[in-house]
Amino acid sequence: MELAGIQGLKGTVSVPGDKSISHRCIMFGSIANGTTEIHNFLKGADCLATIRCFQSMGINIEETDHTITVHGKGLHGLSAPLNILDVGNSGTTTRLLSGILAGQKFESKLSGDESLNSRPMKRIIEPLTMMGANISSILRNGCAPLYIAPGNLHGIHYDSPVSSAQVKSCILLAGLYAEGETSVTEPSLSRNHTELMLKEFGADIRTLHSLSTAYIKPYPKLYGQKIVVPGDISSAAYFIAAGLIVPDSEILIEHVGINPTRSGILKVCEDMGGDITLLNERCEAGEKIADILVRTSSLHGITIEGDIIPTLIDEIPIIAVMAAVADGTTVIKDAAELKVKETDRIETVTDNLKAMGCNVTPTEDGMIITGGTLHGASIHTLLDHRIAMAFSIAALVADGTTKILDSKCVDVSYPTFYDTFEQLL
């Protein structure tokens, strides 16, 4: 994909359904009783991997152009898969599914692509083992492929060393099958879609946000739901950024989820001087939703650190792009979690920003970016969808032409990403 500088992006767009919520709809619908009807489901590669895994365990999932229907079989209705469960590139599928599989009465194996099989799984193996799960890294390197056999689970209280929705969700899902209550405390509150959605399905779950702790009791009867998935704020972030930094632009992004555990990008944009207005705010199935209006703005550097980081961890690549054209210096701290994403995003972001002429310094837990003028370059995505999309926005404000290598990797979370631009030209 080759892109050049542009100005005057104007119009109204919608973005695909939230990736995190789409995963959970399939998982929770599969272990619920009755039918779950899902609208605005994200048909990206990661979420389709989740569908295939549950189909491999005997769940009937029907797909049409506009609706996904999951015919759930209850907590103990899954069947032993005949083959290794292929999770593709999806860390969410791997970690959340492991929690569910830990409570089953059959053996299973999970494996993914090369990138997935290099990501850390000790963070779920250790707490699940504490609960009595029989789970191990087949290659004994703390990564997938994973082997899971039946175990007798019991509730624990787990003080997580990281603020990770995937770790928290894995433990809570295992808690559905454990004897006694299970709870998880995080250093700071990570995204809480699991807690909100499980409650809608009928789980006995409660949270103490002041302590960043979630509690769940076992063996509820979950019931299928009708769910309209809000637009993914992580996908909307690219058009928020485009609206702020591309000259003479005004973009309205409709029906976006603005869950407070996910919407740190909005606060960062406002702190940088961005002109952002939330319209038509409402709440559906426990999730806050709004239309987001953005206009071209003069941005300035800020420091981003602390508790806000878990609420925008996936948006840091595009925040770094905004920082690269803002006045002054932006410092990003406390984001070491970037190292264990689809790529080491500290390294990938800084290398590509340097290629575009940006003054950027990587640090152990983030980066320091001094804004200036960007120049066209060849961007090495390393097959990381968020790198491809972030630097596609950078290309719109760079001098000359930018080539996004392996741009098709956007299919992981936003298959129609480049088509959406056509609506704004």
A.B. asks: Taking salt bridge (Lys or Arg N to Asp or Glu O under 4.0 Å) as the definition, give me every residue that meets it alongside Arg191, ordered by chain and number, with sequence neighbours left out.
C.D. replies: Asp314

A.B. asks: Mind checking side chain to side chain contact (heavy atoms under 4.5 Å, CB included) for Glu179 and listing every partner two or more places apart, or none if nothing turns up?
C.D. replies: none

A.B. asks: How many angstroms lie between CD1 in Ile233 and OG in Ser20, if you round to the nearest 0.5 Å?
C.D. replies: 11.5 Å

A.B. asks: Cut-off 3.5 Å, side chains only: do Arg262 and Ser234 have a donor facing an acceptor?
C.D. replies: yes

A.B. asks: Under 3.5 Å, is there a donor on one side chain and an acceptor on the other for Ser212 and Ser188?
C.D. replies: no

A.B. asks: Tell me, please, which residues at least two apart from Lys221 pass side-chain hydrogen bond (donor to acceptor under 3.5 Å, both in side chains).
C.D. replies: none

A.B. asks: How many angstroms lie between atom CD1 of Ile227 and atom CE of Met197, to the nearest 0.5 angstrom?
C.D. replies: 4.5 Å

A.B. asks: Okay, side chain of His385, backbone of Pro415: is any donor-acceptor separation there less than 3.5 Å?
C.D. replies: no

A.B. asks: Can you tell me how far CE of Met121 sits from OG1 of Thr94, rounded to the nearest 0.5 angstrom?
C.D. replies: 4.5 Å

A.B. asks: Between Asp351 and Lys354 (salt bridge meaning N to carboxylate O under 4.0 Å), is one present in this structure?
C.D. replies: no

A.B. asks: Does Asn117 have any side-chain hydrogen bond (donor to acceptor under 3.5 Å, both in side chains) partners at least two apart in sequence or in another chain, and if so, which?
C.D. replies: Ser111

A.B. asks: Give every residue pair that meets the salt bridge (charged side-chain N to carboxylate O under 4.0 Å, His left out) criterion with at least one member in residues 163-176, sequence neighbours excluded.
C.D. replies: Lys168-Glu186, Lys168-Glu195

A.B. asks: Under a 3.5 Å distance rule, please check whether Asn40 uses its side chain to pair with a backbone N or O of Val228 as donor and acceptor.
C.D. replies: no

A.B. asks: Can you check whether Tyr238 reaches Arg386 side chain to side chain, under 4.5 Å on heavy atoms?
C.D. replies: yes

A.B. asks: Mark yes when over 12 heavy atoms from residues, nucleotides or ligands other than Lys267 sit less than 6.0 Å from its NZ; otherwise mark no.
C.D. replies: no

A.B. asks: Which value, rounded to the nearest 0.5 Å, describes the distance between Asp86 atom CG and Asp113 atom CG?
C.D. replies: 8.0 Å

A.B. asks: I'd like to know if the side chain of Thr182 reaches the main chain of Gly175, judged simply by a donor and an acceptor atom lying under 3.5 Å from each other, with no hydrogens or angles considered.
C.D. replies: no

A.B. asks: Between Asp384 and Lys341, is there a side-chain N and carboxylate O pair less than 4.0 Å apart?
C.D. replies: no

A.B. asks: Can you name the residues that form a ring pair (Phe, Tyr, Trp, His ring centres under 6.0 Å) with Tyr177, not counting sequence neighbours?
C.D. replies: His76

A.B. asks: Could you list all the ring-ring contact (aromatic ring centres under 6.0 Å, His included) pairs where at least one residue sits in residues 185-228, not counting sequence neighbours?
C.D. replies: none

A.B. asks: Tell me if the NZ atom of Lys288 is crowded by more than 12 foreign heavy atoms within 6.0 Å.
C.D. replies: no

A.B. asks: Do Ser263 side-chain atoms and Leu266 backbone N/O form a donor-acceptor pair below 3.5 Å?
C.D. replies: no

A.B. asks: Would you mind writing out the side-chain donor-acceptor pairs for residues 242-253 within the sub-3.5 Å range, not counting sequence neighbours?
C.D. replies:
| residue | atom | partner | partner atom | Å |
| --- | --- | --- | --- | --- |
| Ser249 | OG | Leu9 | N | 3.0 |
| Ser249 | OG | Val246 | O | 3.0 |
| Ser249 | OG | Pro247 | O | 3.3 |
| Glu250 | OE1 | Arg295 | NE | 3.1 |

A.B. asks: Counting distance only, does the side-chain N/O of Ser90 pair as donor-acceptor with the main-chain N or O of Thr93 below 3.5 Å?
C.D. replies: yes

A.B. asks: Could you please spell out the steps behind the side-chain contact (heavy atoms from CB on, under 4.5 Å) verdict for Asp291 and Val256?
C.D. replies: CA-CA 6 Å; Asp291 304 330; Val256 180; over 6 Å; no

A.B. asks: Checking the side chain of Asp365 only, and the main-chain atoms of Ala336 only, is there a donor and an acceptor separated by less than 3.5 Å?
C.D. replies: no

A.B. asks: Taking Thr350 for its side chain and Glu347 for its backbone only, find out whether a donor-acceptor pair lies under 3.5 Å.
C.D. replies: yes

A.B. asks: Restricting to ring pair (Phe, Tyr, Trp, His ring centres under 6.0 Å), what partner residues turn up for Tyr414, sequence neighbours left out?
C.D. replies: Phe417

A.B. asks: Output all residues satisfying side chain to side chain contact (heavy atoms under 4.5 Å, CB included) with Lys73, sequence neighbours left out; order by chain, then residue number.
C.D. replies: Ile59

A.B. asks: Scan side-chain atoms only and decide if Ser183 and Thr213 contain a donor-acceptor pair under the 3.5 Å cut-off.
C.D. replies: no

A.B. asks: Donor-acceptor pair, distance only, cut-off 3.5 Å: does the side chain of Asn352 make one with the backbone of Ile379?
C.D. replies: no

A.B. asks: Do Ile51 and Phe41 have side chains that approach each other closer than 4.5 Å (heavy atoms only, starting at C-beta)?
C.D. replies: yes

A.B. asks: For residues 119-128, pull every pair meeting side-chain hydrogen bond (donor to acceptor under 3.5 Å, both in side chains), keeping only residues two or more places apart or in separate chains.
C.D. replies: Asn89-Arg119, Ser115-Arg119, Arg123-Glu337

A.B. asks: When rounded to the nearest 0.5 angstrom, what distance separates SG in Cys53 from CD1 in Ile100?
C.D. replies: 10.5 Å

A.B. asks: Before you tell me yes or no, could you show the steps for Leu110 and Leu101 under side-chain contact (heavy atoms from CB on, under 4.5 Å), namely the whole-Å CA-CA distance, both residues' side-chain angles and the distance that decides it to 0.1 Å?
C.D. replies: CA-CA 10 Å; Leu110 296 84; Leu101 292 174; 3.5 Å; yes

A.B. asks: Return the OG1 to CD1 distance between Thr36 and Ile26, rounded to the nearest 0.5 Å.
C.D. replies: 8.5 Å

A.B. asks: Got a sec, which pairs hit ring-ring contact (aromatic ring centres under 6.0 Å, His included) with one end in residues 289-344, sequence neighbours left out?
C.D. replies: none

A.B. asks: Answer whether the closest heavy-atom distance between the side chains of Asp159 and His157 falls below 4.5 Å.
C.D. replies: yes

A.B. asks: Counting distance only, does the side-chain N/O of Thr311 pair as donor-acceptor with the main-chain N or O of Ile308 below 3.5 Å?
C.D. replies: yes

A.B. asks: Is it the case that the side chains of Asn192 and Thr261 hold a donor-acceptor pair, with the cut-off being a distance below 3.5 Å and no angle test?
C.D. replies: yes

A.B. asks: Less than 4.0 angstrom from a charged side-chain N to a carboxylate O is my criterion; do Asp204 and Lys199 meet it?
C.D. replies: no

A.B. asks: Within the side chain of Asp232, is there an N or O that forms a donor-acceptor pair under 3.5 Å with the backbone of Lys19?
C.D. replies: yes

A.B. asks: Under 3.5 Å, is there a donor-acceptor pair between the His71 and Glu62 side chains?
C.D. replies: yes

